[in-house]
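All values reported here derive from a predicted model rather than from experimental measurement. Heads up: numbering here begins at 1 and tracks the sequence.
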Amino acid sequence: MNYDQVIKETIKSNNSKIVMLVMDGVGDLRSPKFHNKTPLEYAQTPNLDKLAAVSALGRSIPILPGITPGSGPGHLGLFGYDPLQIAIGRGVLESIGIGFDLKNGDVAARCNFATINEHGRITDRRAGRIPTEITEILCQKLKSIKEIDGVEIIIEPGKGHRFVTVFRSKEKEIGALINDTDPLEEGKAPLAAKGQNSQSEFLAKVINKFIHLGYDLLKNEHPANAFLLRGIASKPKIPTMRDKYLLESAAIAAYPMYRGIASLLGMTLLPAGDSIEGLFQSYIENRHKYDFFFIHVKGTDQAGEDGDFDLKVSCIEKVDKALPILLEHIPDVLTITGDHSSPCAMRSHSWHPVPTLIHGPFTGSDDVQFFHENACNQGSLGFFESKYLMGILLSNAKRLDKFGA
């Protein structure tokens, strides 16, 4: 019997409320430039620290030690789905997250507008993070490419510099076993798409033709004169949070990627304001309607990926300042964590364990006075794989029966 089977055998329903506040990419490394502190240590966080003093603390490992997670696997683990057993491509998450009706057989890609130089080398993988309004205009240009070799091309803008491309064929089966065209670093040329089987190879050729036509349409644009495809995938079948945990769940997330994964898991998508206060207010307004709330904060991850220590500190402090809104109607169980670490020095996701806090009447407390990486190292939760977090939350919410006689 594995962990999922134990959960299935012991799960029960009650009226308890669980909130998972995810500060995306919050984990970091100490910086010599900032008094040898991480952003969490450097930030002024009186509310988080006060909560930490009466909570259980630890560090969660998103996948396995040393393995750097993407956002999809990182969030799957938080929700108790083994990221090594279930794969959801970023294209699927992004397309569902923007409300696109993805059909069985469709193949979706998450795309970034980017900047390339006269030598075809990438100088900015995110085209300066152009605003959504510019992305919408550029997508209108790309929409003139309607079909290639019998495959329909559907393009929809996302948020910021991102957009979605969906490939749909009624006549021929298309495959999704295709590499990203993003080399993941500046100074290199975009990669050609290649398929791993005949159906995928056919679509890879279509994608390469789409890229060629699209780059020609964008050649006079600046800074977004190119685009990169990531997470090329088709829709999987996975159990919902209701099926798995008997939870009526809701998500408060602004970005399509995270709305997409929440939607796939059967969560109701609630309004998400542009501010941290708006996210928490949405929880307050809907707290009686659902058992589980996923609240997502994106700014910490963006700052980490941009290498902006000050901005990451600022985002953490905004969360702390707004936290009393959430605590005014504190749920039975509250966890504050991240889906992965995004150290400013690395300007990327990393494998470093994530600071994690769990608060509730049965969590106990660790006599630790702060919420940051080093403080969490001393907590009673220890270091654990994030796929076990939901089990800990459920047990603290008294939603798990005793196992065995």
Side-chain angles (χ1 to χ4, degrees), residues 19-55 57-60 62 71 74-75 78 129 252-255 258 272-283 293-328 330 334-350 352-359 368-379 381 386:
V19 169
M20 178 183 289
L21 172 57
V22 177
M23 299 167 67
D24 202 307
V26 69
D28 215 298
L29 301 173
R30 286 178 163 174
S31 171
K33 296 180 181 178
F34 294 89
H35 307 294
N36 201 35
K37 293 183 176 182
T38 69
L40 263 178
E41 285 182 288
Y42 195 83
Q44 298 297 310
T45 55
N47 295 309
L48 281 167
D49 294 340
K50 184 178 179 180
L51 187 64
V54 290
S55 302
L57 304 176
R59 302 281 294 271
S60 59
S71 294
H75 277 85
L78 289 179
R129 292 194 184 275
I252 305 170
Y255 278 72
Y258 313 100
D274 293 330
S275 66
I276 308 298
E277 290 83 357
L279 298 178
F280 292 167
Q281 192 60 46
S282 186
Y283 157 71
F293 292 85
F294 158 50
I295 305 175
H296 182 263
V297 174
K298 179 61 176 174
T300 37
D301 182 52
Q302 284 189 340
E305 289 188 339
D306 289 344
D308 194 330
F309 191 101
D310 286 323
L311 185 59
K312 193 166 184 178
V313 168
S314 176
C315 184
I316 292 168
E317 290 181 342
K318 287 178 181 177
V319 172
D320 187 82
K321 184 178 179 181
L323 195 60
I325 299 173
L326 190 154
L327 298 181
E328 184 179 349
I330 192 166
L334 168 65
T335 184
I336 301 176
T337 187
D339 57 329
H340 57 78
S341 293
S342 287
C344 294
M346 296 180 66
R347 302 171 72 96
S348 67
H349 294 195
S350 80
H352 299 92
V354 182
T356 301
L357 174 157
I358 304 177
H359 177 79
V368 176
Q369 303 302 312
F370 304 99
F371 180 60
H372 56 64
E373 292 83 354
N374 194 47
C376 288
N377 289 344
Q378 305 169 50
L381 296 175
S386 65

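Of the listed residues (E317, H372, R30, K312), just one forms a side chain to side chain contact (heavy atoms under 4.5 Å, CB included) with P39, and that residue is K312.
A distance-only check finds no donor-acceptor pair linking the side chain of T356 to the backbone of R59 [under 3.5 Å]. Side-chain N or O atoms of E41 include one that pairs as donor or acceptor with a backbone N or O of T38 at under 3.5 Å. Looking only at distances, a side-chain donor or acceptor of S341 sits under 3.5 Å from a matching main-chain atom of H352. Remark: side-chain polar atoms of D339 are not paired, donor with acceptor, to backbone N or O of D24 under 3.5 angstrom. Judged by distance alone, with hydrogens and angles left aside, the side-chain atoms of S31 form a donor-acceptor pair with the main-chain N or O of K33 at under 3.5 Å. In terms of modelled atom types and a separation under 3.5 Å, the side chain of D301 and the main chain of S342 share no donor-acceptor contact.
A heavy-atom distance below 4.5 Å is found between the side chains of S71 and Y258. Side chains of K50 and V54 form no contact here, defined as non-hydrogen atoms less than 4.5 Å apart. Taking 4.5 Å as the limit, every side-chain heavy atom of D306 sits out of range of all side-chain heavy atoms of L311. Looking at heavy atoms from C-beta onward, V297 lies in side-chain contact with L21 at the 4.5 angstrom threshold. Looking at heavy atoms from C-beta onward, I336 lies in side-chain contact with L51 at the 4.5 angstrom threshold. Looking only at side-chain heavy atoms (C-beta outward), L327 and L334 come within less than 4.5 Å of each other. Residues L326 and I295 are in side-chain contact: their nearest non-hydrogen atoms beyond the backbone lie under 4.5 Å apart. Residues F34 and D310 form a side-chain contact, since some pair of their non-hydrogen atoms from C-beta on lies under 4.5 Å apart.
Here the CG-OG1 distance, from L40 to T45, works out to 7.0 Å after rounding to the nearest 0.5 Å. Atom CZ of F293 is separated from atom CG of L279 by 13.0 Å, given to the nearest 0.5 angstrom. How far CZ of F309 is from CG of L29: 10.0 Å, rounded to the nearest 0.5 Å. Here CG of L357 is found 11.0 Å from CE of M23. Values are rounded to the nearest 0.5 Å. Distance check: L381 CG to T335 OG1 gives 8.0 Å after rounding to the nearest 0.5 Å. For the atom pair L78 CG and H340 NE2, the distance stands at 9.5 Å (nearest 0.5 Å).
Taking all atoms of both residues into account, the shortest heavy-atom contact from V19 to Y283 is CG2-CE1, 3.5 Å. Of all heavy-atom pairs between A253 and F294, the closest is CB-CE2, 4.4 Å. Between S275 and G278, the shortest heavy-atom distance links the atoms OG-N, 2.9 Å. Minimum heavy-atom separation, S55 to I358: CB-O, 3.3 Å. Across every non-hydrogen atom of G27 and P355, the tightest pair is CA-CD, 3.9 Å.
Ring centroid separation for the pair H296 and Y255 does not come in under the 6.0 Å cut-off.
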Original post:
Can you list the steps and then say if Q378 with L57 is a side chain to side chain contact (heavy atoms under 4.5 Å, CB included)?
Top reply: CA-CA 8 Å; Q378 305 169 50; L57 304 176; over 6 Å; no
Subject >> Check against side chain to side chain contact (heavy atoms under 4.5 Å, CB included), V354 and S386 >> reply: CA-CA 9 Å; V354 182; S386 65; over 6 Å; no
Original post:
Under the side chain to side chain contact (heavy atoms under 4.5 Å, CB included) criterion, do E305 and H349 qualify, and how do the steps go?
Top reply: CA-CA 7 Å; E305 289 188 339; H349 294 195; 3.2 Å; yes
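Around CD of Q44, the count of heavy atoms belonging to other residues, nucleotides or ligands within 6.0 Å does not exceed 12. In N36, the CG atom is crowded: over 12 heavy atoms of neighbouring residues, nucleotides or ligands sit closer than 6.0 Å.
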